[in-house]
Amino acid sequence: EEACEEAKAKLLGAERLNKIHDKECVRLLNDIESKTEEISSLAGKLRELETSNKALETCVEELKADKMEQSANLVSMESSLIACKKEIEEAKEKATKTIEEKMNLDR
């Protein structure tokens, strides 16, 4: 009978441990499910960020191309401006020379 009581006590102890173990397993499974949902959410956010990053990279490349085009236009405009200034100076010199010649003829 003492052996039977000892076996019952061991069985009760094992059942308690089993219940504690079951509760811990349920808690761990819930944690795993929660972490899985969190990982899925973060993966979605990462995909969104990667898409945004690609769009920004495309925008930066377009801006770089526009900047190069504007730089080329600026160089062209500067060259035209220099040519115009030279033409103006030549026209001034020619006009001054023509005026001087006419004044010399009138004397």
Side-chain angles (χ1 to χ4, degrees):
E1 195 175 301
E2 191 177 308
C4 186
E5 289 298 320
E6 197 175 301
K8 282 183 181 179
K10 284 183 180 179
L11 182 60
L12 277 174
E15 285 176 349
R16 284 187 194 130
L17 285 175
N18 195 31
K19 283 182 182 179
I20 291 170
H21 181 262
D22 286 350
K23 286 180 182 178
E24 185 64 16
C25 285
V26 167
R27 187 188 65 76
L28 290 172
L29 287 172
N30 287 338
D31 284 352
I32 289 170
E33 185 178 337
S34 173
K35 295 298 179 190
T36 301
E37 289 172 2
E38 188 177 337
I39 288 169
S40 293
S41 173
L42 290 172
K45 288 178 182 177
L46 178 61
R47 282 190 297 276
E48 288 175 14
L49 289 172
E50 287 172 340
T51 300
S52 294
N53 189 45
K54 285 180 184 177
L56 287 173
E57 286 174 349
T58 299
C59 187
V60 166
E61 291 304 314
E62 289 172 0
L63 288 172
K64 284 180 181 178
D66 288 347
K67 181 183 175 192
M68 288 177 61
E69 184 180 336
Q70 292 299 322
S71 292
N73 288 343
L74 184 59
V75 168
S76 175
M77 291 172 136
E78 286 174 340
S79 296
S80 294
L81 181 60
I82 290 169
C84 287
K85 283 182 178 181
K86 186 176 179 181
E87 284 181 34
I88 290 169
E89 279 303 312
E90 289 172 354
K92 268 179 157 182
E93 288 174 11
K94 187 176 179 182
T96 302
K97 191 175 181 182
T98 302
I99 290 170
E100 287 174 354
E101 288 174 354
K102 286 200 179 224
M103 288 180 76
N104 284 337
L105 287 176
D106 289 344
R107 288 185 188 166

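The CZ atom of Arg47 lies 8.5 Å from the CD atom of Glu50; values are rounded to the nearest 0.5 Å. In this structure, the separation between NZ on Lys94 and CD on Glu87 is 12.0 Å, given to the nearest 0.5 Å. Atom CZ in Arg16 sits 10.5 Å away from atom CG in Leu11 (nearest 0.5 Å). Separation of atoms CG (Asn30) and SG (Cys25) is listed at 11.0 Å; rounding is to 0.5 Å. The CD1 atom of Ile39 sits 10.5 Å away from atom CD1 of Ile32, with the distance rounded to the nearest 0.5 Å. Note that the CG atom of Asn73 and the CE atom of Met68 stand 12.0 Å from one another [nearest 0.5 Å].
The side chain to side chain contact (heavy atoms under 4.5 Å, CB included) search around Lys8 returns Cys4, Glu5, not counting sequence neighbours.
Between the side chain of Ser76 and the backbone N or O of Ala72 there is no donor-acceptor pair closer than 3.5 Å. Panel note: side chain Ser40, backbone Thr36; a donor-acceptor pair is recorded below 3.5 Å. With hydrogens and angles ignored, the 3.5 Å screen pairs a side-chain donor or acceptor of Ser79 with a backbone N or O of Val75.
Residues Glu78 and Leu81 fail the side-chain proximity criterion, which asks for heavy atoms closer than 4.5 Å. In this structure, the side chains of Ile88 and Lys85 stay at 4.5 Å or more apart for every pair of heavy atoms.
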Assess the residue pair Glu24 and His21 against the criterion (side chain to side chain contact (heavy atoms under 4.5 Å, CB included)); give the C-alpha distance rounded to whole Å, side-chain angles, the decisive distance to 0.1 Å, and a yes or no. CA-CA 5 Å; Glu24 185 64 16; His21 181 262; 5.7 Å; no
When you look at Glu57 and Val60, which way does the side chain to side chain contact (heavy atoms under 4.5 Å, CB included) test go after all the steps? CA-CA 5 Å; Glu57 286 174 349; Val60 166; 5.6 Å; no
Can you list the steps and then say if Leu49 with Asn53 is a side chain to side chain contact (heavy atoms under 4.5 Å, CB included)? CA-CA 6 Å; Leu49 289 172; Asn53 189 45; over 6 Å; no
What verdict does the side chain to side chain contact (heavy atoms under 4.5 Å, CB included) test give for Glu33 and Leu29, after you've listed the backbone C-alpha separation in whole Å, the side-chain angles of each residue and the deciding distance to 0.1 Å? CA-CA 6 Å; Glu33 185 178 337; Leu29 287 172; over 6 Å; no
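Salt-bridge check for Asp31 with Lys35: failed, with every basic side-chain N at 4.0 Å or more from each acidic carboxylate O. Ionic pairing of Lys97 and Glu100 is not present here: no N-O contact between side-chain nitrogen and carboxylate oxygen is shorter than 4.0 angstrom.
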